[in-house]
Visitor: 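Sharing a structure, written as structure tokens. Questions coming.
Everything numeric here is computed off the predicted structure, so don't read it as measured data.
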Protein chains: 2
Amino acid sequence: MKLDSEHLEILAMIVEKGGLTEGAEALGKSQPSVSRTMALLEDRIGAPLFEPGKRPLRPTELGENLARLGARIHALNAEASRLVQSYRRGHTGRLRIAGTPIFMDGVVSTFIADFQTRHPDVQIAQSYGYFDQLATSLRNGGLDMAIVPLHQGSVPADMSFVPLLPGRNVIAARAGHPLTRRKTITLADIEPYPWIAPPADSPLFRDLQRALKSIGKEDFRVSFSGGTLASIISILAGSDSLTVLPYSVVFLTRKTSGLEALRLKIEHPDRQLGMLTFDRASLPPALRQFGDFLKDEVALLEARIQHEAQVTRRRG
Amino acid sequence: MKLDSEHLEILAMIVEKGGLTEGAEALGKSQPSVSRTMALLEDRIGAPLFEPGKRPLRPTELGENLARLGARIHALNAEASRLVQSYRRGHTGRLRIAGTPIFMDGVVSTFIADFQTRHPDVQIAQSYGYFDQLATSLRNGGLDMAIVPLHQGSVPADMSFVPLLPGRNVIAARAGHPLTRRKTITLADIEPYPWIAPPADSPLFRDLQRALKSIGKEDFRVSFSGGTLASIISILAGSDSLTVLPYSVVFLTRKTSGLEALRLKIEHPDRQLGMLTFDRASLPPALRQFGDFLKDEVALLEARIQHEAQVTRRRG
DNA sequence: GTCTAATATGATCTGATGTTATGAAGCTGG
DNA sequence: CCAGCTTCATAACATCAGATCATATTAGAC
């Protein structure tokens, strides 16, 4: 014999409020409805839940015990409702976000930290990858958002792309590097220094190749490759090596990493760093929250970058 | 927005069983029914509970979290069902039982102890009282059973009475009392001894008066009155006092109390000690259990009493 | 691709639950 | 002790969730 949880909740409310009429009101139901429901429940149970012939309806011992269980069921049910509400508002949920390693480590993770102080109940699972793999994960539901550099024209038809920043790369070196003071840098100037390269299959590596080619340098000596941002920063800080990094990464981490961008114009890839999502019927609401947050934060970052660029230009 | 607990339970089962079809089977429902229920729940929640386009149906993160709550709700609901079952079988419940003090203390409480080792989940609230008060309590639902001496003809019309023992009273004294060895006792023999009397409003007190009158003794000296059985036993044991007690009480407690019945025939009230209940539509099932138990136990006791009486007669 | 098993949908019926109106019965205060 | 108030139960009806069987659809596997 299975009881109806709803019935038990109603019973609990009646007992709590001390009467059927009050209970019905508290439940937002009509008094006859509640009365009949209790009659039905008593029939099924085969035992009285209320003392017979008592007018402010008083529960029997069995009624009281069942009401206690009903109250606990009600609490769980209410918790479920709260969970759903919180989820729908994007305040709860699990987000699986992946992106190109350097940008994730250098920029996005900072903002994830900020986001989580605001929405502590949103779990974020971060991982790394490049476009093809990430697109596959998005399609098969293994990922909620990819943060990748992408050309506007090459956004897959079944996906949405929200640009965050232009894919502006710079040559970076340690703050005290001989080249960082120079106003103009020639190809010959950078000739002596070894290079640190991102993994060979990363877009950043191709950027590096293209950038150097654009200033006429066809081959370059790679002294270290494949590390994450933390390794790259360590190596750069401890040597005179050079590398290519997104300017946003240099800008954000320079306080703590001691990196600087060389004043050497290199070709910018015609891509935008942005948020890629698969067009499903419904995306997790927390994803919208996160996307909006990230867009706002990155816009602020971009404004700071632009501001400094103007100041720098003005100063010469 | 209120969710249906039943829906959450179904969700929990689907997640537990790893698929809708299996879940439906485990729930004893048809597959289409469960499918539509989940569709309805998703509509109400406004978010998917299952990964879209996955064939062994797999829950989303929200689905999993709600399923956890559903499982807990299910556990509570099942506990409610068990409680009802246990109650209906008389294995759970609260019984409020009252009776005349001496008989309750001397006989019934012993059997209550035995009953509770068999049915530990039946709470028994014992109290004391005489007929009028107990009948009132039975009628207004403050009491489940009264154990009283009653004449068959004076059972109220709205009550049921199940006799347990004849209301056989004896004159009791301590085991070593001068009168306990005598085969025949005369009025003159008992003259010197003081009496212990039950409370003046108790039926036992009236029995005492009647009994003494029946053997020609019109007045008697009361040295102590009003105590419970424990006091009476103490006083009797420490003096040569006499009193009137139900034979069953003397029989059951003599081992530990050191009381004996004098071999003096006194008039027996034409009453039976028995169980009185108010005829309600439904009595607590545990009450039936207890009533049956008490009837059986007292029948055994009566058999022992009869057996001993025969042996004693034969020996002279 | 094709086949199979899992899920969704259509059509239909039953029963629970909601409503308003009204009857019955306990409680209360003079 | 009776009148009147309050509380609960019942009647009559409307609605919708939820059950069924039959069948369409589709994801996964070989």
Visitor: Using whole Å, report how far NZ of A:K29 lies from P of D:dC8.
Guide: 17 Å
Visitor: What is the distance from CG of A:L49 to C1' of D:dA9, rounded to the nearest Å?
Guide: 16 Å
Visitor: For residues B:H91 and B:D121, is any side-chain donor paired with an opposing acceptor at under 3.5 Å?
Guide: no
Visitor: Can you measure B:E25 atom CD to D:dA19 atom P for me and round it to whole angstrom units?
Guide: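 Distance, rounded to whole Å: 16 Å.
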Visitor: Give a yes/no answer on whether the side chain of B:S30 brings an N or O atom under 4.0 Å of OP1 or OP2 in D:dA19.
Guide: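 No.
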Visitor: Report yes if some heavy atom in the side chain of A:L3 is under 4.5 Å from a heavy atom in the side chain of A:L41; otherwise report no.
Guide: yes
Visitor: Heavy-atom distance under 4.5 Å between the side chains of A:L164 and A:Q272, does that happen here?
Guide: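 A side-chain contact under 4.5 Å is absent here.
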Visitor: Once you build an axis from the first five pairs and another from the last five of the helix from C:dG1-D:dC30 to C:dG30-D:dC1, how far apart in angle are they, to 10 degrees?
Guide: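 Axis angle across the helix from C:dG1-D:dC30 to C:dG30-D:dC1, nearest 10°: 50°.
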Visitor: One thing to verify: whether A:R68 and A:E9 come together as a salt bridge, which I'm taking to mean a side-chain N less than 4.0 angstrom from a carboxylate O.
Guide: no
Visitor: Can we say A:D43 and A:R36 salt-bridge, meaning some charged N sits less than 4.0 Å from an Asp/Glu carboxylate O?
Guide: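 The answer is no: the pair does not qualify as a salt bridge.
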Visitor: When the ring planes of B:H119 and B:F115 are compared, do they come out parallel, tilted or perpendicular, using 30° and 60° as the limits?
Guide: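 Rings of B:H119 and B:F115: tilted, as their planes differ by 30° to 60°.
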Visitor: Quick one: B:Q31 CD to D:dA22 C1', roughly how many Å, whole number?
Guide: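 About 12 Å, once rounded to whole Å.
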Visitor: For a quick check under 3.5 Å, do B:D105 and B:Y128 share a side-chain donor-acceptor pair by atom type?
Guide: yes
Visitor: Which nucleotide of DNA chain C is the first, and which the last, in the 5' to 3' direction, to come under 4.0 Å of a heavy atom belonging to chain B?
Guide: C:dA6 to C:dA11
Visitor: Can you check the A:I14 CD1 to D:dC8 P distance for me, whole Å?
Guide: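 These atoms are roughly 8 Å apart.
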Visitor: Just checking B:S33: base, sugar-phosphate only, or nothing, at a heavy-atom cut-off of under 4.0 Å?
Guide: base
Visitor: Once you round it to whole Å, what is the distance between C1' of D:dG18 and CD1 of B:I10?
Guide: 9 Å
Visitor: Is the closest side-chain heavy-atom distance between B:F131 and B:L150 below 4.5 Å?
Guide: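 Of all side-chain heavy-atom pairs linking B:L150 with B:F131, at least one is under 4.5 Å.
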Visitor: Using heavy atoms to find the nearest nucleotide of DNA chain C for A:H7 and A:K54 separately, return the residue whose nucleotide is more 5′.
Guide: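 Closer to the 5' end of DNA chain C: A:H7.
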Visitor: Measure from CZ on B:F50 to C1' on D:dA27 and round the result to the nearest Å.
Guide: 16 Å
Visitor: To the nearest Å, how far apart are A:R139 CZ and D:dA27 P?
Guide: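 Distance check: A:R139 CZ to D:dA27 P gives 16 Å.
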Visitor: Both A:T37 and B:E22 contact DNA chain C. Which one's nearest nucleotide lies toward the 5' end?
Guide: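 Taking each residue's closest nucleotide, the earlier one in sequence belongs to B:E22.
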Visitor: Base, sugar-phosphate, or nothing: which does B:R44 touch, judged by heavy atoms less than 4.0 Å apart?
Guide: sugar-phosphate
Visitor: One pair to check against side-chain contact (heavy atoms from CB on, under 4.5 Å): B:T100 and B:I147. What are the steps and the verdict?
Guide: CA-CA 7 Å; B:T100 48; B:I147 297 178; 6.0 Å; no
